[in-house]
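Predicted model only: the values in this text are computed from it and were never measured. Basis for what follows: all heavy atoms, side chains included, without hydrogens, waters or symmetry-related copies. Below, read A as the first sequence line, B as the second, and so on, with proteins coming before strands; counting in each chain starts at 1.
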Protein chains: 2
Amino acid sequence: MTDAAADPADEPPRTWTIAEVADEFGVTHRTVRHYEELGLIAPERRGTTRVYHRRDRTRLGLILRGRRLGFPLEEVRTIIDLYDAPRGRRSQLEYVLGQIGSRRADLEQRRADLEAALAELEGFERRCREDLARLG
Amino acid sequence: MTDAAADPADEPPRTWTIAEVADEFGVTHRTVRHYEELGLIAPERRGTTRVYHRRDRTRLGLILRGRRLGFPLEEVRTIIDLYDAPRGRRSQLEYVLGQIGSRRADLEQRRADLEAALAELEGFERRCREDLARLG
DNA sequence: CTTTACGTTGACGTCAACGTCAAGAACGTG
DNA sequence: CACGTTCTTGACGTTGACGTCAACGTAAAG
């Protein structure tokens with residue numbers, strides 16, 4: 001096991017191996033490496049071995065949520081990169097805000113589709129339950 | 001053009017060619033044929049030519065919405081086939097209701113992911129706007 | 001009656017998102 | 001220190017969702 005006990009002063013922040021993050025997020029190490037190949041995450045290297053920090057886990061969570069939502073990984077990258085984009089200058093901030101707008105529109109379209117699908121499904125369920133009731 | 005005028009009595013219900021449905025839904029004819037290969041739609045044949053009815057257009061709409069939501073086409077098929085499944089007998093109805101339950105759970109998971117993503121994005125947008133205001 | 005437009009069936013190509021070996025290197029453990 | 005476990009880098013395989021091309025039929029238009 002990885003030492004989870006002993007938390008007195010300020011120890012170095014915890015890190016994870018590739019097997020640990022893969023397990024934790026329910027994916028294979030190949031998937032994690034694939035995301036790295038695409039530049040979605042960039043774990044530290046100690047010698048040749050990958051070392052994952054909290055930041056990497058955060059990004060991995062965002063990636064997998066994007067995947068569950070059906071976004072292609074390239075699009076996922078533009079989204080999460082957005083959160084790290086430089087925004088010190090006004091022009092940069094305005095660019096980021098523009099991107100945010102596009103992403104929001106996209107997400108809201110999806111939400112509309114989703115609500116429509118759910119509404120249909122629920123209507124159908126109701127009719128089925130009525131039929132079932134009629135069958136006594 | 002396809003004759004859109006002259007609508008006096010009860011003419012035969014309107015039909016469409018593959019080019020028309022493809023155009024209308026913004027996909028290629030190859031895509032439409034692909035969905036037919038997978039058994040997602042089954043247009044009538046007049047000789048060798050495909051003839052699309054309202055039913056086919058309805059299904060195509062469901063397919064494309066499923067696609068926008070990121071569902072694999074095989075899963076889309078199980079969903080739209082559900083709407084046509086036999087439910088005359090109690091056992092059939094109960095099976096259908098079970099399937100509906102699974103689909104609903106899936107959609108609601110997606111909705112949760114979607115709401116989370118939107119909430120994050122909106123929080124980020126707010127912070128960006130504050131930064132912009134500070135830059136006066 | 002040839003042209004032009006649209007339709008058809010294969011069949012192979014492609015791209016994304018990984019899976020699946022193979023063949024080592026590094027590391028704790030008996 | 002040998003051994004099994006976990007890590008590494010290739011590199012090729014696979015599946016889904018089409019794109020693309022060839023080769024051909026058909027039907028209205030000039």
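What separates CZ of A/Arg45 from C1' of C/dA25 is a distance of 14 Å, to the nearest Å. Summarising the geometry, the separation between CG on B/Leu73 and P on D/dA17 is reported as 4 Å, rounded to the nearest angstrom. Atom-to-atom, CG of B/Leu38 to C1' of D/dG16 comes out at 9 Å; the value is rounded to the nearest Å. Distance NE2 (B/His34) to P (D/dT20): 15 Å, rounded to an integer number of Å. Going from atom CG of A/Leu64 over to atom P of C/dA17 covers 13 Å, rounded to whole Å. Atom CZ in B/Phe71 sits roughly 23 Å away from atom P in D/dT15 (whole-Å rounding). The CD atom of A/Glu37 sits 12 Å away from the C1' atom of C/dA16 (whole-angstrom rounding).
In this structure the side chain of B/Tyr35 reaches within 4.5 angstrom of the side chain of B/Arg67, judged on heavy atoms. Taking the side chain as every heavy atom from C-beta outward, B/Asp56 and B/Val21 never approach each other to under 4.5 Å.
Distances shorter than 4.0 Å separate some side-chain N or O of A/Thr17 from OP1 or OP2 on D/dC7. The side chain of A/Thr49 contributes no N or O atom lying less than 4.0 Å from OP1 or OP2 of C/dA26. At the phosphate of C/dC18, OP1 or OP2 sits under 4.0 Å from a side-chain N or O atom of A/Tyr35. Look at B/Arg67 and you won't find any side-chain N or O under 4.0 angstrom from OP1 or OP2 of D/dG16.
Within 4.0 Å of B/Arg33, counting heavy atoms only, lies at least one base atom of the nucleic acid.
A cation-pi arrangement is found for A/Arg110 relative to A/Phe71, the charged atom lying closer than 6.0 Å to the ring centre and inside a 45° cone about the ring normal.
Comparing B/Thr48 and A/His29 against DNA chain C, the residue whose closest nucleotide sits nearer the 5' end is B/Thr48.
A donor and an acceptor atom sit less than 3.5 Å apart, one in the side chain of A/Arg30 and one in the base of C/dT20.
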